[in-house]
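From a predicted model like this one, the values you see are computed outputs, not experimental measurements. These numbers come from the heavy atoms of this one structure, side chains and all, not from hydrogens, waters or symmetry mates. Reminder, nothing fancy here: chain letters follow the sequence lines and each chain counts from 1.
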Protein chains: 2
Amino acid sequence: MTTTSFDRMWADLEPVGRDAGSGGYRRYAWTRTDHDLREWFAAECATRGLDLVEDRAGNQWGWWGDPDTTPGVVIGSHLDSVPDGGAFDGPLGVVSALATVDALRDAGFEPDVPLGVVNFVDEEGARFGIACAGSRIITGALDADRARSLTDADGVSMAEAWRSAGRDPKTLGRDDDTVRRVGRFVELHVEQGKALALAPDGSEDLGDPGRAVAIGTDIWPHGRWRVDIPGEANHAGTTRIADRQDAMIGLATVIQAARSYAVGLGCVATVGKVHVVPGGVNAIPSHVTAWLDVRGRSEHVVHAAVDAVSSEAGRSGATTTPESWTPTTTFDTGLVGRLREILPDAPLLGTGAGHDAGILATHGVPSAMLFVRNPTGVSHSPAELASTDDCHHGVTALTAVVTELCTGKDPESMSDAR
Amino acid sequence: MTTTSFDRMWADLEPVGRDAGSGGYRRYAWTRTDHDLREWFAAECATRGLDLVEDRAGNQWGWWGDPDTTPGVVIGSHLDSVPDGGAFDGPLGVVSALATVDALRDAGFEPDVPLGVVNFVDEEGARFGIACAGSRIITGALDADRARSLTDADGVSMAEAWRSAGRDPKTLGRDDDTVRRVGRFVELHVEQGKALALAPDGSEDLGDPGRAVAIGTDIWPHGRWRVDIPGEANHAGTTRIADRQDAMIGLATVIQAARSYAVGLGCVATVGKVHVVPGGVNAIPSHVTAWLDVRGRSEHVVHAAVDAVSSEAGRSGATTTPESWTPTTTFDTGLVGRLREILPDAPLLGTGAGHDAGILATHGVPSAMLFVRNPTGVSHSPAELASTDDCHHGVTALTAVVTELCTGKDPESMSDAR
C-alpha cells in the first residue's frame with residue numbers, strides 16, 4: 001500500500017516543470033510551475049485530512065493533530081529545483097513524507113504527538129539567489145526587507161513575484177509561531193554523492209538493503225569566496241606576450257590551485273562561475289572574477305584550502321574576499337541517537353550540501369536527516385537517481401522513525417532537547 | 001598650420017562618446033554618438049570643399065578631384081571604437097588625413113590625381129560582431145543579407161539600426177563603383193604594440209623622431225577557434241573530487257597551453273572570452289566554451305600553436321572548431337616600395353591586427369599603412385597613446401606620401417599595380 005501511494009504520487013509529479021530539451025526540471029519559486037506543485041501538495045494534504053497551514057514565508061504545513069497544544073514531529077522537504085535539476089532533490093522527501101502518513105494510516109497508527117508534513121518554498125534559491133529562503137525567512141536568518149528586495153535574472157523582486165502569485169508581500173517575515181510548532185524535524189533527501197553506493201572496500205554495491213538509507217549527522221562547513229584577478233586591457237593581436245598582464249592566466253592558476261589543494265587536503269573546491277572583462281575574443285582580459293566554493297569535514301581544512309588558493313593567486317595580484325561562510329552544522333545529538341536506535345543498520349553520513357534541516361538546526365529546532373542511496377552519485381542534474389526499491393526503503397525507514405517519535409514516550413526527550 | 005588644425009580637430013573629438021567612468025570611448029556603429037561623429041566628418045569635408053559621397057555601406061568619402069575620371073589616392077581610417085577603447089585607434093588616421101589636406105593647401109599643392117579622405121564605418125565590429133564591416137560590405141567580403149541580419153547585444157539587427165539612423169537597409173550592399181575609385185589606399189594608424197617605442201637594443205626610446213612613424217608591410221595571419229570542453233553537471237558540495245568531470249579544469253589546461261605554446265613558438269595566443277554552463281557558484285560546470293585567438297608572423301607558426309593547444313585540450317575530450325581564418329595579408333609591394341623611397345628612415349612593421357587596409361588589399365586595391373609610435377604599447381584601452389609630437393610627425397609623413405603619390409608621374413605605376 002505504501003509503495004502504491006508513493007509510486008502514484010511520483011508519477012503525478014514526473015511531468016511538472018520538466019524541460020523537454022534537457023530532460024531536467026525547472027521548478028522555480030513563485031512561478032506557474034511552483035503554483036501547480038503547491039496546489040498538488042494542498043490537494044494531497046486535503047485527501048489525507050491534514051490541516052493545511054501556510055506560514056509567513058509561504059511554506060506549506062499539513063498537520064495531523066494540533067501543534068499549538070504540543071510541538072509536533074515534522075517530516076518533508078521541498079518541491080522546487082535548481083535549473084535543469086533532477087527529479088529527486090526535494091520531491092523525494094515530500095512524497096516519502098506523504099507516503100509515510102499513508103503507511104501509518106494503513107497500520108492503524110494514531111500519533112500521540114502531532115505529525116506535520118512540510119513543503120518548504122524556494123529551497124534551492126534558483127530564482128532569487130538565496131538557498132533555503134523559506135526556512136531562513138521564518139527563522140529570521142533572512143531579513144524580510146532583504147528578502148522582498150532580492151531580484152531574479154529578469155529584475156523581478158521577490159515582493160513583485162509574491163504579488164504576481166496573488167500574495168501580499170507585507171505579510172512576509174519571521175514567524176516564531178510556526179517555528180515553535182516544530183518539535184523535531186526529520187528531512188529525508190536523496191544522497192548527493194556516492195557514499196552509499198560504494199561498499200566499505202570501495203567497490204560499487206547497489207544491492208545491499210542495509211545501505212539504502214543513511215542517517216545524516218552533520219552538514220560540512222562551507223563557504224564562498226570571490227577572487228578578483230587584475231589584468232591590463234590590450235589588443236590580442238598586437239601585444240607581445242612579454243608585455244601582457246592577462247587576467248585569464250591568473251584564472252588558470254586559481255582553477256588548478258583549487259583542484260590541487262582540495263585533493264591534497266581531502267576537501268572539495270569548485271570554481272563554477274567566472275566573469276571576464278571585457279570578454280571579447282580579441283581583447284586581453286583586464287579583469288577576471290572567479291567564485292570559489294569550498295567545503296570539507298572540518299573548518300580547519302576548508303580554511304587551509306582557501307588560504308592556499310588565495311596565496312597562490314595573490315602572487316599575480318589577485319585578492320580573495322569571503323562572500324558567505326557557514327560553520328559546521330551538527331544535527332541534534334539526541335535526535336540522531338534516537339534515529340540510530342530505530343535504524344541500527346543505517347550508516348552515518350555527513351553532507352557537503354545545505355538543507356532546510358540545517359537552517360532549523362541552527363535556530364533551535366532539533367533536526368536530522370535521512371539520505372537515500374543515489375547510484376549515480378549525481379545531483380542537481382537530470383542524471384540524479386534513486387532506485388524505486390531504495391525509495392520504498394526510504395519510506396519504510398521514515399515510517400519506523402515517525403512511529404517511534406510520535407508515541408507518547410517521546411515528548412519528554414523532545415522537551416529535554418529544546 | 002598643420003599642427004594647429006590637427007590639434008583643433010583632436011580637441012573637437014575628445015569628448016564625443018567618452019565614458020565618464022572608465023575614461024574610455026564607446027563609439028558604436030549607427031548610434032547617436034556615431035551620428036555625431038559622421039556629422040562632424042561631413043562638416044570638416046564641407047569646410048575644405050571636399051565632395052562628400054556615402055557608399056552603399058555608409059562609409060564617408062570626401063573627394064578633392066573627380067575619382068570617376070582617374071582613380072584616386074585615399075587616406076583616412078575610422079571613427080568608431082571598441083568598448084572602452086582609446087582615443088587614437090581610428091580617429092588618428094581620420095584627423096591626420098584631414099590635417100594632411102590642410103598642409104597640402106597651405107603649401108599651395110594641387111594634386112594631379114584625385115585625393116580622397118575616408119571615414120570607414122563600423123571598423124571595430126563592436127556592435128554587430130564583424131570587424132571591418134564597412135570595407136567588407138563594399139568589397140563583397142560580407143554578404144548584404146548576412147550583414148542586415150547581424151544583431152547586437154540587445155537583439156537589434158543591422159537593418160533595424162540602419163532604419164533607426166534614417167537609412168534604407170535595402171540599399172546596403174557591395175559597391176564596385178566605390179571600390180573602383182580607390183587607386184591606392186594608405187591608412188595611418190596608431191601602433192598597437194611597442195615596437196617603435198623600443199630601440200633596436202630593446203631599451204625604451206621615445207625621443208628618436210626617426211622611429212615616430214613606421215611603414216606597415218603586412219598583416220599577420222590570424223584566426224579564431226572555439227574550444228568546447230565537456231564536463232558533467234553535479235553538486236559542488238557533495239561530489240567527491242575523484243567522481244568529478246569538471247569542465248573548468250579543462251579550461252585551465254587551454255589557458256595555460258595557449259600561453260605556453262605562444263611563448264615557445266613566438267606567436268601570440270589569447271583566451272579572451274569564456275562561457276560556463278550552468279555557471280552557478282555551487283554547480284560543477286558541465287560545459288565550458290573558450291575562444292582562442294592566435295596570430296603570428298607565419299601561418300605555419302599559428303597552425304602549430306593551435307594544433308598543440310587543441311591536442312592538449314583533446315586529452316580531456318575537448319574539441320576545437322575553427323571560427324574564422326585570415327591568411328597573411330601582404331600589402332602592395334609596389335606601394336610599400338614607394339613609401340620606403342618617400343620615408344627612407346621609417347622602420348618596417350608587420351601587425352597582428354586587422355584593418356580596413358587589409359580588406360581592401362585582399363580585394364584588388366593597392367594598400368599600405370603607416371603606424372605612429374605608441375609609448376604605452378597599449379591599444380583598445382584608455383591607456384592607448386601617441387604623443388602630440390609623434391602625431392604631428394605622422395601628419396608630416398602622410399603629407400610627404402600624398403605629395404609624391406598625387407603628382408602626375410604616379411598614375412602609370414598605379415595603373416600597373418591594378
Can you list the steps and then say if B:I255 with A:I249 is a side chain to side chain contact (heavy atoms under 4.5 Å, CB included)?
CA-CA 6 Å; B:I255 295 167; A:I249 304 296; 3.9 Å; yes

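- The most heavy-atom pairs under 4.5 Å with chain A, out of B:P278, B:P382, B:G280, B:A283, come from B:G280.
- If you measure heavy-atom distances from B:H235 to chain A, the contacts under 4.5 Å come from both the backbone and the side chain.
- Under the side-chain contact (heavy atoms from CB on, under 4.5 Å) criterion, B:A304 pairs with B:L265, not counting sequence neighbours.
- For B:D243, the part lying under 4.5 angstrom from a heavy atom of chain A is the side chain only.
- The minimum heavy-atom distance between A:G272 and B:P285, with the atom names listed, is CA-CG, 3.9 Å.
- Proximity to chain B among residues 348-355 of chain A is limited to A:T351, A:G352, A:A353, judged by heavy-atom separations below 4.5 angstrom.
- Contact annotation for B:E232: only side-chain heavy atoms (C-beta onward) come within less than 4.5 Å of a heavy atom of chain A.
- Distance check, rounded to the nearest 0.5 Å: CZ of A:R244 to CZ of B:R259 gives 6.5 Å.
- Neither the backbone nor the side chain of B:A290 comes within contact range of chain A, judged by heavy atoms closer than 4.5 Å.
- Proximity to chain B among residues 189-197 of chain A is limited to A:Q192, A:G193, A:K194, judged by heavy-atom separations below 4.5 angstrom.
- Nearest heavy atom pair, residue B:H380 against residue A:N282, reads CE1-ND2, 4.4 Å.
- Checked against A:T270 for a side-chain contact (heavy atoms from CB on, under 4.5 Å), the options B:I284, B:T239, B:I241 give a single hit: B:I284.
- The ring pair (Phe, Tyr, Trp, His ring centres under 6.0 Å) check on A:Y25 picks up nothing, with sequence neighbours excluded.
- Taking every heavy atom of both residues into account, A:A233 and B:S381 meet most closely at O-CB, 3.7 Å.
- The shortest distance between side-chain heavy atoms of A:V274 and B:H275 does not fall below 4.5 Å.
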